[in-house]
Amino acid sequence: METRILEGRPVADKIYSEIAKTVAQMDKKPELVVFLIGDDPASRSYVKSKTRAAEKIGIKEKTVFLPENTSENDLERAIRDCVEEENPDGILVQFPLPQHINPEKIISVIPPEKDVDGLHPQNLGALMRGTTGHYCCTPSGIMALADYYGIDFRGKNTVLIGRSLIVGKPLANLLLAKGTDATLTVCHSLTKGLEQYTKKADIVISAVGKANYLKKDMVKEGCVIIDVGVNRIESSSSKSGYQICGDADYKDFLGHAGSITPVPGGVGLLTVAMLMKNTVNSALYFRE
Ligand code: GUN
């Protein structure tokens, strides 16, 4: 069987071209401030891709670099000062945060209309209810990708592996929403006998963060694989000494899966695109 590759690039480009047109017509360009605490290489690289995307479509972006030992109070103050003095359209705090900072506390400091990451309790509530708000970027990016490639969840067995606040839980709500109508099973790292679920699935979405653990013999032939994992593995053939791979063993699935998202080049591109879309929406609809 030929496996269709669900590239993220054309989907992201379609979103960028739509929002770039909107931005071009705005007198005051949308503004995004990103807080990056510490120097985790993966986070630095994610933030760089956000800066590049913003530049590409005309969003004014500023990254605030803070040291690893920044206290929770100082970070809270930095966010409040930013709101007061700069009043940007969007604020994002890159995760993961250092151990001594409580992410829930920090997210709650961001005014919900500026929380373009969609992680404030008010925005998570809006996503769950299907009402107006910023929806978190990776889950809404996955829905945009599925829509672009005509992946229909109705009447299909969908198995979602992962229950994080950023991906698993909000994505479960989008999949269950009226109109999407997935019949959904949610598994996670403590699920016993994962294969008994994945083998019955028409669509498997993995957001676990475990390199290459999902193999073709765990799913039916023709299954759709949506891979949300971004994992670094050592690689002597690469200049950086590492390679990025997903949760699914990509090569193993070629010729077996009906379709699969690549890593890199799949879902990750949509996360950034949806962040830009939320930032533009914030400037359009939530400016005072
Ligand atoms: N780290 C990994 N993914 C994300 C994301 O979607 N938002 C934030 N803020 N941090 C992340």
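In listed order, ligands and their atoms are each counted from 1. Fair warning: this is a prediction, and the values are worked out from it, not measured in the lab.
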Task: Arg287 atom CZ, over 12 foreign heavy atoms within 6.0 Å - done: yes
TODO: State whether Glu31 and Lys62 are salt-bridged, where the test is any N-O pair (Lys NZ or Arg NE/NH1/NH2 against Asp/Glu carboxylate O) under 4.0 Å.
DONE: no
Open item on the list: Please tell me whether Ser282 and Asp89 have a donor and an acceptor in their side chains that are separated by less than 3.5 angstrom.
Closed with: no
Open item on the list: Suppose the criterion is ring pair (Phe, Tyr, Trp, His ring centres under 6.0 Å): which pairs have a residue in residues 201-254, not counting sequence neighbours?
Closed with: none
Open item on the list: Please check this pair: side chain of Asn278 against backbone of Tyr135, looking for a donor-acceptor N/O pair closer than 3.5 Å.
Closed with: yes
Which protein N or O atoms sit under 3.5 Å from any N or O of ligand 1? Give each pair with its distance.
from, atom 1, to, atom 2, distance (Å)
ligand 1, 1 (N), Gln94, NE2, 3.2
ligand 1, 1 (N), Phe95, O, 3.0
ligand 1, 7 (N), Asp117, OD1, 3.2
ligand 1, 7 (N), Asp117, OD2, 3.0
ligand 1, 9 (N), Val93, O, 2.8
ligand 1, 9 (N), Asp117, OD2, 2.5
ligand 1, 10 (N), Phe95, N, 3.0

Task: Arg80 bridged to Glu76 by N-O distance under 4.0 Å - done: yes
